[in-house]
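Nothing here was measured: the structure is a model prediction, and the numbers come from that model. Residue numbers start from 1 in every chain, and the chains themselves are labelled A, B, ... in the order their sequence lines are given, proteins ahead of strands.
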Number of protein chains: 2
Amino acid sequence: MDADSSLQPRGTRKRRKMQRVTMMDVAKLAAVSPSTVSLYLRKPAAVSPAAGQEIARAISTLGYVPNLVAGGLAAASSKVVSIIVPSIRNAFFAETVSTLQSELATEGLQVLLGHSEYGEDQEEALVRTALSWAPAAVVLTGLSHSTETRKLLQASGVPVVEMWELGARPIDMAVGFSHPQVGASAARHLLSKNRRSLTFIGARMQEDHRAAKRASGFAETARAGEILSCEVINHPGAATVEAGSLLLNRALQQIPKLDGIACSNDLIALGALFECQRQGITVPDDIALVGFGDLDFSASCIPSLTTIRPSGDLIGKEVARLILSSIHGERPEGDARIIDTGHVLIERRST
Amino acid sequence: MDADSSLQPRGTRKRRKMQRVTMMDVAKLAAVSPSTVSLYLRKPAAVSPAAGQEIARAISTLGYVPNLVAGGLAAASSKVVSIIVPSIRNAFFAETVSTLQSELATEGLQVLLGHSEYGEDQEEALVRTALSWAPAAVVLTGLSHSTETRKLLQASGVPVVEMWELGARPIDMAVGFSHPQVGASAARHLLSKNRRSLTFIGARMQEDHRAAKRASGFAETARAGEILSCEVINHPGAATVEAGSLLLNRALQQIPKLDGIACSNDLIALGALFECQRQGITVPDDIALVGFGDLDFSASCIPSLTTIRPSGDLIGKEVARLILSSIHGERPEGDARIIDTGHVLIERRST
DNA sequence: ATGGCCCATCATAGCGCTACGATGATCCGC
DNA sequence: GCGGATCATCGTAGCGCTATGATGGGCCAT
């Protein structure tokens, strides 16, 4: 009846009991306690060399692979960094994510990736799932988030880095640059080339707030100069080369004597460049063109493209640095939590 | 002494005891057992509507967020899919990863991303860490992996999808296309345009085996045709527009009467195109140019680029489909485990 | 009525690891 | 030579959840 139930938990009660190699097995083989193995894995220096060697040997003979899920549960924090970008197809973010991944990998951190597609609600959903992984840090793009997103993150106590934008007060830490200032640099540059009928062409600016800020920074600075006109033209679709061609045509129609264009993205600039070529418009003689992003082709196209480089690479590096110091218990304070990576205008042949 | 130690575990023994909202709290508020809450979360239909409503209410009033780490540990499998690509900066993989992420997100799966940088050892290290997350599936790029990688994955029992290449026997499942055939298509196309002095220009082919296979497929088919010459030229660095320019110049030097070029990547093709323009070579009259990838700019450049589209998007979708059916217990068998997404040659103005 | 079935719900035993405090062993200074 | 500090190591209680089999109430066929 009940008597034997304590001996042999009736039926096939026991759980799957995988024959997975556990830390316990390693400990047994190395003739130390599991705690020592765990300690060795986390801080090898805290274990005596003799024990360390024994453990290392045991690990390799057994082919032990630590279970990070169990570790994450026990430590209440997993070795995962959740990164949320609008889209990884965008070369800017691809570059940042790539760098970030490499930097974090050196410390054994994994990257959990999510795409918000420029939607605050989607971002919120992603943050919610991200937090259920008890991540070591969360990285978001930009400073515009839903109230709920901010609340969730703040309540979680997890280090948060917002990247690619500076300006408003970040949730926790931020790495990026000022987009209005990028627009202003573009405008000043065109002004310095004596351009007087200007336009800023961009795509998806109803959702991409950063592009919109570049546009308004551009317009503001331009209008403060001696100009004939300055328009901002938006293409509701994605920022592609084709969109650039479309936008150039619209600009040509709307703006008389157009002689200076800033683009929200080098892809758009390239499209505009191609369209100029098609229409027999000479760049930079007839129209000067400034891009943004300094993408792969920008130095090689004809004419080579004057552009503003934001350095997605540097952003990735700095984000990684902030995350790593937070994890190592040196959580940056005050001004150290905001890093301005700036931007550089690279003058080439298109202006 | 010892008497009270059972009451109040001496000292501040107890663990952090976060006031995190747990499933237990939800259960209490909804007046059901934790198991029922868990059941409701996993299969809502298995719980009575009344209880379900009560639980839903409790979840929302408490703002409960399930702890996926704990869930993963208990279930011995986490809701994570590990994706390893050579580099996310490559637009091909960015597209696939993006699609894959979106498709998987609809089923509550997260993407853990890693970059192998075309290194088998790095890939192996990534696979190792990936497996310590007990992922729901692992996605690799290509069919070339270290023996150890194959062994690890096979032993793990986790569904594995290899993507972007077909040909050899996959570890488990594969979605992609034949790279030699892509090369062959390019060669046939140039042959059909009466080109007789051909070259295949590519970058990083010592590491990028897939590009190398496109090259050899090209060479083989070309040499079977009526041609004067066919060379393969490699640039050891990354596949960039600049590399394309460099490669064009080398081709021009090496090959007399060069009149047809296939490129391992549209970026390279674009670079070649720019360089032709610079040198006063007319495309396609003097030299016909075929690319690979159908990237953003390929339809818009001047002349528009004849290229071969592999559809990274479709690959992503199919990979997601295989993963989802594996997870739902309908693990594909036999031929259903290999999916050929093919390739399409898109003829434009450059040939 | 009565037995057997089914369905919704529950109690409990882990999943594999880490953090905490405890335990000896070793070492130092006076 | 002894008390206290230092160091490596250990025992164990959870971390929050899921899977498993048990439980009990309602329902149907007899």
(request) With axes from five pairs an end, tell me the bend angle of the helix from C:dA1-D:dT30 to C:dC30-D:dG1, nearest 10°. (result) 30°
(message) Is a donor from one side chain sitting under 3.5 angstrom from an acceptor on the other, for A:T99 and B:R89?
(response) yes
(message) Would you say A:R42 places a side-chain N or O within less than 4.0 Å of OP1 or OP2 belonging to C:dC17?
(response) no
(request) Would you please say whether a donor-acceptor pair under 3.5 Å links the side chains of B:H115 and B:Q122? (result) no
(message) Is there a salt bridge (charged side-chain N to carboxylate O under 4.0 Å, His left out) between B:E103 and B:R321? Walk through the geometry before answering.
(response) CA-CA 8 Å; B:E103 299 277 320; B:R321 205 172 51 71; over 6 Å; no
(request) Measure across B:W164 and B:T141 and return the closest heavy-atom pair with its distance rounded to 0.1 Å. (result) CB-CG2, 4.2 Å
(message) On DNA chain C, compare the nucleotides closest to A:L41 and B:A46; which residue's is nearer the 5' end?
(response) B:A46
(request) Indicate, with a heavy-atom threshold strictly under 4.0 Å, whether A:V69 touches base, sugar-phosphate, or nothing. (result) nothing
(message) Between A:E107 and A:K79, does any NZ, NE, NH1 or NH2 come within less than 4.0 Å of an OD or OE carboxylate oxygen?
(response) no
(request) Measure the distance from CG on A:N67 to P on D:dC15 and round it to the nearest whole Å. (result) 18 Å
(message) Let's see if you can work this out: which of D:dA19, C:dT18, C:dC10 has an atom nearest to the side-chain heavy atoms of B:A75?
(response) D:dA19
(message) OP1 or OP2 of C:dT18 versus the side-chain N and O atoms of A:S38: is any pair under 4.0 Å?
(response) yes
(message) Less than 4.0 angstrom between a side-chain N/O of A:T36 and OP1 or OP2 of D:dT9, yes or no?
(response) no
(request) Using a strict cut-off of less than 4.0 Å between a Lys/Arg side-chain nitrogen and an Asp/Glu carboxylate oxygen, indicate whether A:D172 and A:R331 qualify as a salt bridge. (result) yes
(message) Measure CG/A:L73 against P/D:dG16 and give the value in whole Å, please.
(response) 7 Å
(request) Decide, yes or no, whether a salt bridge links A:E333 with A:R337 under the criterion of side-chain N to carboxylate O below 4.0 Å. (result) no
(message) Rounded to whole Å, how long is the line connecting atom NZ of A:K43 with atom C1' of C:dC17?
(response) 15 Å
(request) Starting from C1' on C:dC15, measure out to CH2 on B:W133 and report it in whole angstrom. (result) 15 Å
(message) Measuring to OP1 and OP2 of C:dG16, would you say a side-chain N or O of A:T22 lies under 4.0 angstrom away?
(response) no
(request) Please evaluate the base of D:dG11 for a donor-acceptor partner in the side chain of A:S35 within a cut-off of under 3.5 Å? (result) yes
(request) Determine: side-chain N/O of A:S48 to OP1/OP2 of D:dC7, distance under 4.0 Å, yes or no. (result) no
(message) On DNA chain C, compare the nucleotides closest to B:L39 and B:A70; which residue's is nearer the 5' end?
(response) B:L39
(request) Check every strand shown and say whether B:L68 touches a base, only sugar-phosphate, or nothing at a heavy-atom separation below 4.0 Å. (result) nothing
(message) Rounded to whole Å, how long is the line connecting atom CZ of A:R20 with atom P of C:dG14?
(response) 18 Å
(request) Tell me what A:Y40 touches on the nucleic acid: a base, only sugar-phosphate, or nothing, going by heavy atoms under 4.0 Å. (result) nothing
